[in-house]
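Take a look at the structure below.
Given the structure is predicted, the values throughout are model-derived calculations rather than measurements. Convention: sequence-line order gives letters A, B, ...; per-chain numbering from 1.
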Amino acid sequence: MSDPVIQRSDHPDTQVPAADAYRPDVIEPKWEARWAESGTNETDLDGALKPFFNLMMFPYPSAEGLHVGNMFAFTGADTYGRFKRLRGWNVFEPIGFDAFGIHSENYAIKLGINPAELIPRNIENFRRQLRRMGGMFDWRHELSTTDPRYYKWTQWIFVQLFKAGKAYKKAAPVNWCPSCKTVLANEQVINGACERCGTTVEQRILEQWFFRITDYADRLLSNLDDKAKMDWSDSTATAQRNWLGRSEGAEIDFPLEHGRSIRVFTTRPDTVFGATFMVLAPEHPLVTEITTPAQQEAVEAYRRQVSSRDLVSRKVGDREKTGVFTGAFAKNPATGRTIPVWIADYVLMEYGTGAIMAVPGHDERDFDFARRYGLRVVRVLGRPGQDPDAPVEMSETGVEGYRLLNSGEFTGMPAAEGKTAIIRWLEETGRGKGVIQYRLHDWCISRQRYWGPPIPMIYCDACGPVPVPERDLPVLLPLIEDFRPDDSGVSPLARHEEWYYIACPQCGARGRRETDVSDTFLDSAWYFLRYPSTEFDDRAFDDLRTRRWLPVTSYIGGNEHAVLHLLYSRFITMVLQELGHVQFDEPFAKFRAHGTIVKDGAKMSKSRGNVVIPDEYIAKWGADTLRMYLMFLGPFREGGDFRDDGISGPRRFLEKVWQLVADCIRDDASGEVKHRILVKWNQTKKAVTHRLEDLEYNTAIAALMELLNVLREENCRERRIVEELIIMVAPFAPHFAEECWERLGHRTSVFSAHWPTWDEHLTVEHTVELVVQVNGKTRSKVHVRRDASETEAVTAALADETVRRLIDSKEIRKQILVPNRLVNLVTA
RNA sequence: GCGAACGUGGCGGAACUGGCAGACGCGCAGGACUUAGGAUCCUGUGGGGCAACCCGUCCGGGUUCGAGUCCCGGCGUUCGCACCA
């Protein structure tokens, strides 16, 4: 940047005293201090008449500090909140810290410092950065998930779920990261490796707490279609739909000897006649019972081999299918034929019933398996004219256009119809029933870790698991030295007897505390409920406050949380509603996903060394310039490419506006304003308003730039226009706008001003330029009055030299007018 | 493999329900002012041609008076999910 002291110019409009140069380093701290002193950003939560809860995803306070991706997200949300405030809403824009969890703990372990000491330092740094970016945060309502005043209520929520039967404990195979020494949720395992450290994950069996989110699968899915209840980005809603993974099918019982049977789930009951063998998951409880003595050894060996492998690598597809015959046979209920029962690890215990009917003719996996082990393949689907006895070369899995073959009385039916008919037949004969399956699993919330809220349960030999009485909450996380996890599989807390042993709340006998802490996603599944009620210590959230401020009016965040965080928040809200604690079942009335920022076309990463540190840019350019650049460099919903050479554009824009304000103050003459300016002014107000509403910040800024360019060309410094320009710049560059507003003589914050309105009639010129096409090709342009008729337009077009020459003597066969835009004359 | 999004100048990106392709910005070139310019201001800037004109939105077809936009078939990039029966 140029040094303002030596800047000079002889251009008449830029001749200003050096003292008046734009100095973000001076005005930004000035306004941040003033906002804090006068409570500009504090919302009257009890008196608000038009409440607008403007939520953004609270950050995890890393040691590195706020990164440019956070800046981008928060600036976009803050810009929206400021816009809404200028439009007359009582905007509540809180911020907090998602400070529990593995990130923090791992970093603390690395440094050898207890996270309880480390995290407050990070938070302090984040606070400084968040203030410095000019966020409209109401700091009175800041929260941290690690604060006992907060996690007391996280634990309270656990207790509510437990009492309602929505929390239960079970032994389950879990993903175990040998490096992080903890259980990972399925969603934290990426391609068989730990999401955090990349170590290959193993399988272990542990007792875990689960929440019954699957009970809500149906509602979680159907609410997604209710736009009035939840207006969400399509991409986010689609991701949730896929995650829930609803499939319609049937459960069918395949009889064994001695009156037992194997129940399978299939989405293709129409192919039941093609089931030529069965496959059970190796862990299936029936395996031991049905295996014949001759096969016992082979089955046991196979089961051992499978369990030594982790859950995830097992799920990696396109591997060669392996399996073992159990020696048992079942009866296909449709054909009556006897079919062999196998076990194979491509069948998973967690989905469906853990057993399948294998239809090798029409399922690729079954086909591979059948081919490898020489099992029978039957064709039960075909296109019209298909020879029913032709051998199956490759499995055909389609429905559309397929008819049933070799399927008894159902032969000849279209597949879709056959599915319905066969389900009906199964139900009538008691052989099975139509069911709906979800891919979603119950939510495992146990973590064998230190840095989280202890799960508030006590185990008593006499009474079993007993929740900690609500009056004894929170169960404080003790400050311990040895917070590192070890590979014992139990939390570090278990090593502290004075904490571990506790009297049973029911019978008084010696009990033991639960030593696991809960998943970070539980902390963040309700934080938005806490924000309006942070000052209450005797309730999680105040009823009146909650009724006034929730559901959240607008939530803006990253699509990386499209599934987990947003789904868990919806689930917790549904349970709280069912228990009568809140009045709504969807927490976020509107959700918009923003994009991601890359640097010079490449993903930012420490290893590449291309991470943008916002502080450096703020120091060099000012927060307002950085905010404006982030909003300008690409569409907010898609993200964009951060390039150092682009930031000077927005800075120059602010400099020019600054100059315009100075000119306006010096030369306060108001006078006649050219029609051209009036039109541009009104067009800009309209466009900027709509684009801000749609989060199209890059084009909103472009519109402001266009207006500025016109004002400069016309040498216009009309006060009412300049003032409205400042108001429209304010959501993007709040410090800058405040300073300009004050210089223009206002004594109150620009954010108590009113957003400009426009005259629709003045958004179009008196005369418009009409494009003239001949046979669809642009040949000329003519000026006609606004809303000219077709006849007028054609007459004007034919008066044009070029057009006349091209038409020559040819007959005009057709003429098309797009009013105020284009006229097309078609000859040949 | 399945699902979603996307593909436009030297670069980031504009273009409402099909209607002037390249708004806005960066960069670049020339000029002005300067001891100086990495400041500021002015002019120009998709490619080709002296020109009238021609060619241009990943590729190939199609619909239409008119296609970046719609349809069909490819190619490519990114992001999810991934043996889900």
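Remark: B:G44 base-pairs with B:C28; criterion is Watson-Crick or G-U wobble with both hydrogen-bond distances under 3.5 Å. Nucleotide B:C70: paired with B:G62 (Watson-Crick or G-U wobble, both distances less than 3.5 Å). Across all strands shown, B:G9 forms no Watson-Crick or G-U wobble pair with both distances under 3.5 Å. Pairing for B:A39 is absent, with no Watson-Crick or G-U wobble pair whose two atom distances lie under 3.5 Å. Under the Watson-Crick or G-U wobble criterion, with both distances below 3.5 Å, B:C33 is left unpaired in every strand shown. Pairing partner, B:A52: none, since no Watson-Crick or wobble contact has both distances short of 3.5 Å. Base pairing of B:C81: its partner is B:G1, meeting the Watson-Crick or G-U wobble criterion (both donor-acceptor distances under 3.5 Å). Applying the Watson-Crick and G-U wobble criteria (two distances, each under 3.5 Å), B:G22 pairs with nothing in any strand.
Using atom C1' as the reference point in both B:A23 and B:C75, the two lie 30 Å apart (nearest Å). A gap of 16 Å separates the P atoms of B:A15 and B:C58, to the nearest Å. For the P atoms, the distance from B:G68 to B:U8 is 15 Å, rounded to whole Å. For the C1' atom pair drawn from B:C26 and B:U34, the interatomic distance equals 25 Å after rounding to whole Å. Taking atom P in both B:G73 and B:A82, the straight-line distance is 28 Å, to the nearest Å. Comparing B:G76 with B:C65, their P atoms are spaced 35 Å from each other, to the whole Å. To the nearest whole angstrom, the two C1' atoms, one in B:G25 and one in B:G13, are 9 Å apart. Atom C1' of B:G49 sits at a distance of 31 Å from the matching atom of B:G12, rounded to the whole Å.
Distance from the side chain of A:Asp645 is smallest to B:C26 among B:G12, B:C26, B:C41. Of the listed nucleotides (B:C81, B:G25, B:A85), B:C81 has the atom at the smallest distance from the side chain of A:Trp243. When distances are taken from the side chain of A:Lys656 to each of B:C41, B:G13, B:G25, the shortest belongs to B:C41. Among B:C24, B:A39, B:A85, the nucleotide with an atom closest to any side-chain atom of A:Met705 is B:C24. Of the candidate nucleotides B:G12, B:C24, B:C79, B:C79 has the atom nearest to the side chain of A:Lys603. Listed candidates were B:A14, B:C26, B:G25. Nearest to the side chain of A:Asn709 is B:G25. In this structure, the nucleotide among B:C26, B:C65, B:A85 sitting nearest to the side chain of A:Val826 is B:C65.
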Practice problem: Report, as a single string ordered 5' to 3', how protein heavy atoms within less than 4.0 Å touch nucleotides 1-8 of chain B: B base, S sugar-phosphate only, - not at all. | Solution: --S-----

Exercise. Sugar-phosphate atoms are those with a prime plus P, OP1 and OP2; base atoms are the rest. Using that split, label each nucleotide of nucleotides 16-22 of chain B B, S or - for protein heavy atoms under 4.0 Å, 5' to 3'.
Key: B--BBS-

Quiz item: Tell me, for nucleotides 51-57 of chain B in 5' to 3' order, what letter each nucleotide earns: B for a base near a protein heavy atom under 4.0 Å, S for only sugar-phosphate near one, - for neither?
Solution: -SSSS--

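A distance of 12.0 Å separates OG in A:Ser261 from CZ in A:Arg431, rounded to the nearest 0.5 Å. The CG atom of A:Leu770 lies 11.0 Å from the NZ atom of A:Lys781; values are rounded to the nearest 0.5 Å. With rounding to the nearest 0.5 Å, the separation of CH2 in A:Trp658 from CZ in A:Arg23 is 10.5 Å.
In summary, the aromatic rings of A:Phe369 and A:Trp342 are positioned with their centroids under 6.0 Å apart. Aromatic pair A:Trp621/A:Tyr629: ring centres not closer than 6.0 Å. Taking the six-membered ring where the residue is Trp, the centroids of A:Tyr617 and A:Phe642 are separated by under 6.0 Å.
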Quiz prompt | ring pair (Phe, Tyr, Trp, His ring centres under 6.0 Å) assessment of A:Phe632 paired with A:Phe732 | solution = CA-CA 10 Å; A:Phe632 183 64; A:Phe732 299 106; 9.7 Å; no

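When the nearest nucleotides of RNA chain B are assigned to A:Ala702 and A:Gly354 by heavy-atom distance, the more 5′-ward of the two goes with A:Ala702. If you find the closest nucleotide of RNA chain B to A:Phe265 and to A:Arg691, the one lying nearer the 5' end belongs to A:Arg691.
Under a 3.5 Å cut-off, the side chain of A:Tyr302 and the backbone N or O of A:Asp345 do form a donor-acceptor pair. Of the possible polar contacts, one joining the A:Asp800 side chain to the A:Thr802 backbone as a donor-acceptor pair under 3.5 Å is found. Listed for the A:Arg439 side chain is no donor-acceptor partner under 3.5 Å among the backbone atoms of A:Ser247. The closest donor-acceptor contact from the side chain of A:Ser789 to the backbone of A:Glu792 lies under 3.5 Å. Between the side chain of A:His362 and the backbone N or O of A:Leu381 there is at least one donor-acceptor pair closer than 3.5 Å.
Taking 90° from 0 as the syn/anti boundary, the base of B:G9 is oriented syn.
Considering only side-chain N and O atoms, A:Arg643 lies nowhere under 4.0 angstrom from the phosphate OP1 or OP2 of B:G13. The side chain of A:Arg651 places no N or O atom within less than 4.0 Å of a non-bridging phosphate oxygen (OP1 or OP2) of B:G38. Checking the phosphate oxygens (OP1, OP2) of B:A14, a side-chain nitrogen or oxygen of A:Asn698 falls inside 4.0 Å.
Side-chain contact, A:Trp681 with A:Gln683: no donor N or O sits under 3.5 Å from an acceptor N or O. Between the side chains of A:Tyr402 and A:Thr271, no donor-acceptor pair of N or O atoms lies under 3.5 Å. A side-chain donor-acceptor contact under 3.5 Å links A:Thr214 and A:Asp442.
Among the atoms of the strands shown, base atoms are found under 4.0 Å from some heavy atom of A:Arg439. Contact annotation for A:Lys686: no contact, since no heavy-atom pair falls under 4.0 Å across all strands. Looking at heavy-atom distances under 4.0 Å, A:Asp366 makes no contact with the nucleic acid at all.
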